[in-house]
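What follows is a single structure, written as structure tokens, with notes after it.
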Amino acid sequence: MSQMRRRDALRILGGATAGALLAPLTGLRPAFAQEAAARPERLVVFHHLQGTVLPMFVPSGGELDFDLPFLLEPLAPYRDDLLVYAGLDNPAARANSVGNAHQNANFTLYTGRPFPYQDAERITAGGPDMMQVLAERIGGDTPFPRLDFAVGGQRGFGLTRNEFFFRALGEPIDAFNDPFVATARVFGDQRLSVAEAFALRARRASVLDGVRGLFDRARLRADAEGRRALDAHAQKVRELEARLLDGPGACVAPSFAPPEGYDFSYDDDVTLPAMIDVLVTSLACGQTRVASLELQNAQDHDFNWLWARNGGPIVDTQIWDNWHAMVHADFQPGMEWVYRWYMEGLALLWERLRQTPGPDGRPLSETTMVLYLPEFASGRHWTNGLSGVVLGPRGEPRGGRFLNRFTVGLDEFIARSNYVPFQSTTQQLLTSVLRAFGGDDEHFGAVLNDGPQGGLAGWLA
Amino acid sequence: MPRPDADALDPRGDAIVAPDAAQSTDARPSTPDAALPAADARPATPDAATGPLPDAGLPCESDLDFFARAIAPRIATDDPTAPACKLCHVAEGPAFATRLVFAGADAPPEADQATFATFVASGADAPALLIDKPSARVGHGGGRRFAPGSADEAAFRGPRVAPARPGGRCVCGARRGVAPRTQTPRHRRGPMPSPTPPSVRGPGCVTDLDFVSQRLGPLVDTVDPARPACMLCHVAGGRAGDTRMVYESFAEPEAAARNFEMLRRLVVDTPDGARLLLDKPTGAVPHGGGRRFAPESAAGAVFREVVERLTSLADACDAPPGPGADAGVLPPPDPPPVDVCRLAGPHAAAEPLRRLTDTQYARTIEDALGVDVPLADRPPSPSRDGFHTLATQNVVSAQTVESFQFAAEGVGAQVDLAQRLVCAPGEADAACVRRFLSATAERLFRRAPSADEAALVSALADTGLLREDAARFGLEVLLQSPQFLYLDPDAADLAPGESRPATAATVAARLSYFLTNAPPDAALRAQAAAGALTSRAEVYAAAVARLDAPGVSEMVARFHRDWLHLDLLDRVAKDPVRFPTWASDLMERARTETDLFTTEVVWNGDARFRTLLQDTHAWVDPELAAVYGVPTNGPGFQRVDLGPGRPGVLTRAAFMAAHAYAATSSPVRRGAFVLKQMLCESLSPPPGVNMALPEGPAAAESVRDRLVQHWTDATCATCHLRIDPIGLAFEHFGAVGEWRDVYPNGEVVDPTGNLSDPEIAFGDAAELLRGLADEPRVQACYVRRWYEYAVGRTALPEDACTLALLARRFTESGGDIRALLADIAATDAFLYVTASASPNAAEVP
């Protein structure tokens, strides 16, 4: 972006002056000006499907003196790095007049936009997700502007697609869900010597150079929509070519030795730590600065590695048809172990980031923000009351806090089945994330009715 | 019922009668049946609760009285079979944030009427939404509250649902459905004019005239600059007063009728008229008034609805050919194997850019290079709950681009270039490589490269590499090129929305990839080169000739896999305790069994749709036979008769397991499948609703008992009253399709039920399937799904004429699937190229 950003301009004014200006402009305490130096440089989005269990997730207490409830207990060691937020609304989900409850939530959560076409036959995302926007700002000089990983999902090809992450309008992202495929794609063929790898990359880049020439000719034979699709494809060819020319970086791929009979699309307990290793390593060696990790299995999964904790199967098939049906009935005994396990995964990710030095030698946790934002507040398709966490470098957002944005008490919110007024939105949360990385965004996503805009109130304490 | 004489109904003819008097007049029929309006010969719609709608010539009733009688009881009720709007659309309800919020559950009709009026005035889309939301034509949080054509819908379409002035004036004598836009004087009116006789489309249906007037009038007849406001210019004496579109006031019935006739002529009789009506105000083509609305806006939707209504087949396609039928873009009439729609065509929407599917990718490489690409090495073409041929599924991601690269390298490594590079004695390496690449490009591109493309391909030989390395390098370029990866759009120089006949090479490619998932073979290429694929008859003949080609049976199997959503089998798990033999390999064999069944019906059988749903034979191996409880003789797949309880493809293990849970059946999933895939209905779960079956001690309750609880919940009932009876018909089939007569709790399975629209009473799944097989609506839906699969996109309004003709021929052929394939291949979607209407498709409204 050639235009000077607001924050850059403020920075130029100088420390003391800026500190004096920041307070009235942003409502910050002057002390924050020093901590703002801890601005994150990397983003990881951690996501799982089907919401959470609010009473077990939302802390009790005030902004600083809160208690971590059962589901968040795995994050207790990182309390000072943690911002727990609660009670956000996703207004874009309600702005659609077509689609089912899942589509309304999924396609809008990270894009902040309703469907571009209010047509049941053409449901797709209305624009890039927040991660893509950020990737284009901070990932341009990395081999992968963004990397998306998944646990579970579709079989075959080692790639899976979801309804959440989009590069642009109608352009879904494929995520790696086979750790072996992910390792090979991100770190290259580790068996090659440096010279061999260089020669291979150079040759591939030359081939792609030839391919790009043919795109120009193909455009001449397409209509407007076809040209748009071809341009999007050609852009990805250019990016791949640039990545090849930039080289692989000094990466040593993590090793992975799964147990016999391992099924990457089903054995989530094995895949999750493996994918976390791939993701963290890709950050550490500068392969990317923006990554996502999504747990996609949420239909007929049995979560058998949690049976021992639960004292039996998680899903009692005498009562529930499957995990999906159980979740949609809101909290049922046994669900807490799955949702807690998700948070254990988040804790494991953060711990790995703490342990792993980045390219500058500092622990990745000092330069990485992790965002967890569920699409539902409960299994009952609630898109109001969304509650999650942000882990990040201390300073932005300030950690060790509970940001309660509910307008009514939690009991009343649940009793009224989420049909209560809201005061903050997911769009504001995503705006704040972009701002945390230095963006001058006024608002992320579509401006809907008279809803609140700008950043999330309380984000900066 | 004899048609009552309008004069006899109101002997005073044009007298205004006070509401009270109207109720007591002898002239007013005392029973609902007797009072049914006859002006549009509408069939009787039983409506004991609220009585019939008043119509022209009936004694007068104030708007408020009308509202209190016809609307209020429908909205202020907790009857789950009624619209029951006030269950949600109140301040404390889930629809509290919408534009339609009633003052309260107990608010009087006056207040509710005012709420309706406020809503109708809230936006151009509001009048349409008042009908389309509760009928679930568009997404509605409360699901479908009434059926299209129902008495409820008729009431909501009434002229005085939301008059401009709540409380309302008496509008006696006004045409039903044309909302009075000016105050009607309270004095004697002249005789009722008789504009264009309204056509009728079914029970409870509004006339074409009313439809167009109600939808289009508020958008056109206004000075509001935020609306299309066509009549700012398109009126006599206006800036556009000399065009073919000149409106008069919609407020006057006679003028509204003339407007209708003007629009009908424009849309139906004028070549490209429909397209111009849509493209001019959206700015897709030059328009003196500039851009009046975005294509995807609410106004755009109304304009498309109106065009669809005017061109819909109930009237237009069956009407005598209009003057434009032989003009415009249609080629001279051929002896049509498929009836050519007698309107100006082409009758097909623009084709999106389509990437080859994984199978097409591999077949094309095999055809050009003789290399077999293993499944695991093919770039993926995902399908998730839909056809894998849909262009929207095949959007390329960054990861897919890299997959192309790896796959191209793999193919390059496999090709025996020493054998394929046949160089002439003394021929330079570069020239030899150039010749190889040029020939290969023509095969991979499925057409002769353009001069520019040929130059680029030729230059690939000049890398300075050794001969085979240079050929491999060039080959990898070709294999990642868009000319190979996408079907040729063939849309060079087409203006937005413009159509023209496709080139022979394009027709050949479309035909071949549809029927065989492979590029055109030598015979088809020769036909195209000889110009023998330019007429509909030639294309139809070419399609018929290829119905026995090797790839067709696999294509048919793949269609049915997608149609039946068998990809769900990849994601379902079965309870290992109850179904210890159900492993992934059995799942795959169940899919194979379905493949064998569908291809046998279409190839070795009579190819009838009825047989697909009725035949009881199956190909099973011993493990599958155990699921079905039938004996086999030794290993391997063998043909068996499963008996009358398992007719057709919908009773087989693959379908049953895909649409079931881990441990038990899912009547909801199975019923929803039938509604969506066999009746082409759209279902949309409401937000904030518990979608699970109500909890209960399973040991004590049957699935039916638990579902019945759904039916008593108003929010759930509208959909589940329709879904569940269908699904329950399949209750003899358990989680993996095993037969059961009793549930684990000892309860006897009860598969009986009734389906409305179409009316089918059934004792079990076999009877339901028998009824569905013969149902024209089901056949039309099957045709539609095939068409969508073939053209790589969902059907759009522009396809309506084609779909109707396909359905008619399908029915006339006795449901011959093979004939359907040939018919589809000879439709306008194959014969024409149409550029997308939007010049800037990236624009988001």
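Excluded from the calculations below are hydrogen atoms, water molecules and symmetry mates; all remaining heavy atoms, backbone and side chain alike, are included. Within every chain, numbering begins at 1; the chains are lettered A, B, ... in the order of the sequence lines, protein sequences first and strands thereafter.
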- Query: Out of B:Val833, B:Leu460, B:Thr794, which one racks up the most heavy-atom pairs below 4.5 Å with chain A?
  - Reply: B:Thr794
- Message: Restricting to non-hydrogen atoms, name the atom on B:Ala662 and the atom on A:Asp300 that form the minimum distance, rounded to 0.1 Å.
- Response: N-OD1, 4.3 Å
- Message: Looking only at heavy atoms and a cut-off of under 4.5 Å, which of B:Thr834, B:Leu485, B:Asp488, B:Leu494 has the most pairs with chain A?
- Response: B:Asp488
- Item | Structural part of A:Phe376 lying under 4.5 Å from a heavy atom of chain B | neither
- Top contributor to chain A contacts, counting heavy-atom pairs under 4.5 Å, from B:Val396, B:Leu796, B:Thr392: B:Val396
- Item | Region of B:Leu456 in contact with chain A, defined by heavy-atom distances below 4.5 Å | side chain
- Query: Side chains of B:Thr400 and A:Arg161: closer than 4.5 Å at any heavy-atom pair?
  - Reply: yes
- Task: Let me know if A:Glu171 has heavy atoms under 4.5 Å from chain B in its side chain, its backbone, both or neither.
- Result: both
- Message: I'd like to check B:Gln483 versus A:Arg221 (side-chain heavy atoms, cut-off strictly below 4.5 Å). Are they in contact?
- Response: no
- Task: Could you have a look at B:Arg447, B:Lys574, B:Arg578 and say which one has the most heavy-atom pairs with chain A under 4.5 angstrom?
- Result: B:Arg447
- Under 4.5 Å from a heavy atom of chain A, the part of B:Arg793 involved: neither
- Query: Do you know which of A:His301, A:Gln299, A:Arg203 has the most heavy-atom pairs with chain B at a distance under 4.5 angstrom?
  - Reply: A:Arg203
- Message: What part of B:Pro352 gets within 4.5 angstrom of chain A, counting heavy atoms only: side chain, backbone, both, or neither?
- Response: neither
- Query: Is a donor on one side and an acceptor on the other found under 3.5 Å between the side chain of A:Asp223 and the backbone of B:Ala491?
  - Reply: no
- Closest contact, heavy atoms only, A:Leu159 versus B:Pro380: CD1-CG, 4.1 Å
- Query: Do the side chains of B:Phe404 and A:Val211 get nearer than 4.5 Å, heavy atoms only?
  - Reply: no
- Task: Indicate yes or no: at least one non-hydrogen side-chain atom of A:Glu239 is less than 4.5 angstrom from one of B:Val401.
- Result: no
- Note on the structure: Under 4.5 Å to a heavy atom of chain A? For B:Leu479 that would be neither
- Would you give the length of the straight line joining atom CD of B:Gln480 to atom CG of A:Leu214, rounded to the nearest 0.5 angstrom? 11.0 Å
- Message: For B:Ser403, which atoms come within 4.5 Å of any heavy atom of chain A: side chain, backbone, both, or neither?
- Response: both
- Item | Sub-4.5 Å side-chain heavy-atom contact between B:Tyr661 and A:His324 | no
- Query: Among A:Ile173, A:Asn384, A:Asn322, A:Val327, which residue forms the greatest number of heavy-atom pairs with chain B at distances under 4.5 Å?
  - Reply: A:Asn322
- Query: chain B heavy atoms under 4.5 Å from A:Arg212: which part of the residue, side chain, backbone, both or neither?
  - Reply: neither
- Residue from A:Pro313, A:Ala168, A:Ala229, A:Ala222 scoring the most non-hydrogen pairs under 4.5 Å with chain B is A:Ala222
- Please flag which part of B:Glu498 lies under 4.5 Å from any non-hydrogen atom of chain A: side chain, backbone, both or neither. neither
- Item | 4.5 Å side-chain heavy-atom contact, A:Glu225 and B:Leu353 | no
- Specify which of A:Gly170, A:Ser206, A:Ser265, A:Gly213 makes the most heavy-atom pairs with chain B at under 4.5 Å. A:Ser206
- Sort out for me which of B:Pro489, B:Ala495, B:Ser665, B:Ala663 touches chain A most, counting heavy-atom pairs under 4.5 Å. B:Pro489
- Task: Using a cut-off of under 4.5 Å on heavy-atom pairs, state which of B:Arg355, B:Glu402, B:Glu453, B:Glu476 scores highest against chain A.
- Result: B:Glu402
- Which bit of B:Arg472 comes within less than 4.5 Å of chain A, counting heavy atoms only: side chain, backbone, both or neither? both
- Message: Donor-acceptor pair, distance only, cut-off 3.5 Å: does the side chain of A:Arg204 make one with the backbone of B:Gln405?
- Response: no
